[in-house]
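Take a look at the structure below.
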Amino acid sequence: MSRDETAAERPTKGATIREIAKAAGVSIASVSRALNGKPGISEALRAHILQISRDIHYRPSAAARALIGGKSAVVGISLGRQDIELRPYYILLYQHLTLALYHQGMVPIFFACDQTPTLPERAGSAILLGDFPGDERPEFLAAQRIPFVRIGPPGDGFSVAPDDRHGIYLATRHLIEQGRRHIAYVGDGLGDDRHRLQGYRQALEEAGLPECLVGVPFSYDPALTAYRHLGRFLEEAPPPLDGLVCENDEFARGCLTALEDREIRVPEEVAVTGFDDLPTLAAELTTVRQDIGRIAAEAVGLLGEAIAGARPRHIDLPVTLIRRRTG
């Protein structure tokens, strides 16, 4: 029976280094040298071991990859200044990043923002989440010569993000085309550097309509905070609103509840849009969908370029307006 026939009959479960050594008739140390590209064995033996590892479907565990590749196999996923891992969006993003890194033989580990100084000791590269004004992580990692990718707006170095500005522009224009003329933007951090806010303003400017901003500060419960701040906004100086463009789906859910409690009909009186298209949360919500799986895949691809010393670049990924019941 040929080796190919034998491999075809083998189960497809992952093999161990010990099994590769037994099949190749060599020591475990020789297998480790072959898999890790280290010297000490002939090229013919290395090729033989690698072929057997493919034939018997060798897939190293996360622990084995870290041991074999050392620090270079470890990718630090660095959180932003606030505990953004509590947000459903970042939970989904982390799941996709973990899967994409696994397929590249990399091991992800979490770092809080204030743990950034310890990252070079434990990881060979990094993916940064939660971009914020005054973020010192990129400068620090660059000084330490740690390759990294940011998931966020373009800046220095490699980065990838959904086309935030265009997404909010699409949502705002959609409400304008419905005949809405008093559209408020509900968002966190309403400075001029916010890409989503810029999309809202662009659509209003093209239509000759005034802007109206509802600021929602950071909290661990964004839906509840949006509910409270929209409620206060409506009570203190209720403008004739007929549309709400929300920075994310969580803000939109809070706004929907605030409107419902005041017996304001959606979308008949006020239309509401979100951003992200999160599972369950956006079931009936008109929102902007971003492809979180593709963001993760592109981030891992850019990380490979960063490790290889390529020229930094930014990738803007397309977004899609999803029309549902609320607008």
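The shortest distance between side-chain heavy atoms of Thr287 and Arg289 does not fall below 4.5 Å. You'll find the side chain of Thr116 reaches within 4.5 Å of the side chain of Ser78, heavy atoms only. Counting heavy atoms from C-beta on, the side chains of Phe275 and Asp164 come closer than 4.5 Å. Residues Gln104 and Leu101 form no side-chain contact, since every pair of their non-hydrogen atoms from C-beta on lies 4.5 Å or further apart. Side-chain contact between Glu211 and Ile183: absent, with no pair of heavy atoms (C-beta onward) separated by less than 4.5 Å. Contact of the Thr273 side chain with the Val288 side chain is not registered, since no non-hydrogen atoms from C-beta on lie closer than 4.5 Å. A heavy-atom distance below 4.5 Å is not found between the side chains of Ile295 and Ile315. When side chains are defined from C-beta on, Pro312 does not count as touching Asp156, because their heavy atoms never get closer than 4.5 Å.
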Checking Ile168 against Leu197 for the side chain to side chain contact (heavy atoms under 4.5 Å, CB included) test, could you report, in this order, the C-alpha distance in whole Å, the side-chain angles of both residues, the deciding distance, and whether it holds?
CA-CA 7 Å; Ile168 289 293; Leu197 178 57; over 6 Å; no
side-chain hydrogen bond (donor to acceptor under 3.5 Å, both in side chains) between Asp277 and Gln290: does it pass, once the steps are laid out?
CA-CA 7 Å; Asp277 196 26; Gln290 56 174 308; over 6 Å; no
Give the C-alpha distance, both sets of side-chain angles, the deciding distance and a yes or no for side-chain hydrogen bond (donor to acceptor under 3.5 Å, both in side chains) between Gln202 and Gln198.
CA-CA 6 Å; Gln202 178 186 350; Gln198 291 173 12; over 6 Å; no
Run the side chain to side chain contact (heavy atoms under 4.5 Å, CB included) test on Leu79 and Cys113 for me, step by step, so that the C-alpha distance in whole Å, both residues' side-chain angles and the decisive distance to 0.1 Å come before the verdict.
CA-CA 5 Å; Leu79 303 176; Cys113 185; 5.7 Å; no
Check against side chain to side chain contact (heavy atoms under 4.5 Å, CB included), Leu141 and Leu128
CA-CA 10 Å; Leu141 293 176; Leu128 308 185; 3.7 Å; yes
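Each of Arg165, His166, Glu247 was compared with Arg196 under the side chain to side chain contact (heavy atoms under 4.5 Å, CB included) criterion, and only Glu247 meets it. The residue from Arg201, His174, Glu206 that alone fulfils the side-chain hydrogen bond (donor to acceptor under 3.5 Å, both in side chains) condition with Tyr169 is Glu206. Paired with Leu244 under the rule side chain to side chain contact (heavy atoms under 4.5 Å, CB included), one option of Val186, Val266, Leu256 passes, and it is Val186. Exactly one of Asp276, Val214, Leu285, Val272 qualifies for a side chain to side chain contact (heavy atoms under 4.5 Å, CB included) with Cys246. That residue is Val272.
Between Arg228 and Asp221 there is no salt bridge, since no side-chain N of the basic residue sits under 4.0 Å from a carboxylate O of the acidic one. Ion pair Glu298/Arg294 flagged as a salt bridge, since at least one NZ, NE, NH1 or NH2 atom sits closer than 4.0 Å to an Asp/Glu carboxylate oxygen. For Arg313 and Glu305, the salt-bridge test passes: some basic side-chain N is under 4.0 Å from an acidic carboxylate O. Between Glu269 and Arg265 a salt bridge is recorded (basic side-chain N to carboxylate O distance below 4.0 Å).
Listed for the Asp249 side chain is no donor-acceptor partner under 3.5 Å among the backbone atoms of Ala282. Distance alone, capped at 3.5 Å, places no donor-acceptor pair between the Arg325 side chain and the Ala283 backbone. A donor-acceptor pair under 3.5 Å links the side-chain atoms of Arg137 to the main chain of Leu129, judged by distance alone. Between the side chain of Asp242 and the backbone N or O of Arg181 there is at least one donor-acceptor pair closer than 3.5 Å.
Atoms NE2 and OG1, from His103 and Thr98 in turn, are 11.0 Å apart once rounded to the nearest 0.5 Å. In this structure, CG in Leu230 is found 7.5 Å from CZ in Phe233, a value given to the nearest 0.5 Å. Atom CD1 in Ile20 sits 13.5 Å away from atom NZ in Lys22 (nearest 0.5 Å). To the nearest 0.5 angstrom, Thr225 atom OG1 is 9.0 Å from Phe218 atom CZ. Here the straight-line distance linking atom CD1 of Ile127 with atom CZ of Phe148 works out to 12.0 Å at 0.5 Å rounding. A distance of 4.5 Å separates CD1 of Ile151 from CG of Leu93, quoted to the nearest 0.5 Å.
No continuous path of hydrophobic side-chain contacts links Leu99 to Leu317 [ILVMFWY only; heavy atoms under 4.5 Å]. Residues Leu209 and Leu213 share a hydrophobic cluster, clusters being chains of Ile/Leu/Val/Met/Phe/Trp/Tyr side chains in contact below 4.5 Å. When hydrophobic clusters are built by joining Ile, Leu, Val, Met, Phe, Trp and Tyr residues whose side-chain heavy atoms come closer than 4.5 Å, directly or via intermediates, Ile292 is not grouped with Ile322. In the hydrophobic clustering of this structure, Leu224 does not group with Leu234; members are Ile, Leu, Val, Met, Phe, Trp, Tyr whose side-chain heavy atoms approach within less than 4.5 Å, directly or through other members. Under a hydrophobic-cluster definition in which Ile, Leu, Val, Met, Phe, Trp and Tyr are linked whenever side-chain heavy atoms come within less than 4.5 Å, directly or via other members, Tyr227 and Val245 are assigned to different clusters.
Taking the six-membered ring where tryptophan is involved, the planes of Tyr200 and Tyr185 are tilted, since the angle between them lies from 30° to 60°.
Taking a 6.0 Å sphere around CZ of Arg253, one finds it holds 12 or fewer heavy atoms contributed by other residues, nucleotides or ligands. The number of heavy-atom neighbours closer than 6.0 Å to CD of Glu268, taken from other residues, nucleotides and ligands shown, is above 12. Annotation: Asp261, atom CG; neighbour count of heavy atoms from other residues, nucleotides and ligands within 6.0 Å is above 12. Within a 6.0 Å sphere centred on CD of Glu136, heavy atoms belonging to other residues, nucleotides or ligands number 12 at most.
Of all non-hydrogen atoms in His195 and Pro153, the two that sit nearest each other are CE1-CB, 3.4 Å. Of all heavy-atom pairs between Glu250 and Leu281, the closest is CG-CD2, 3.6 Å. Pairing each heavy atom of Ala126 with each of Leu303, the nearest pair is O-CD1, 3.5 Å. Contact record, Pro120 with Gln144: CG-CG, 4.0 Å, taken as the closest heavy-atom pair. For the pair Ser159 and Pro154, the tightest heavy-atom approach, listed with the atom from each and the gap, is OG-CA, 3.6 Å. Nearest heavy-atom pair, Val319 versus Gly167, reported as atom, atom and distance to 0.1 Å: CG2-CA, 3.6 Å.
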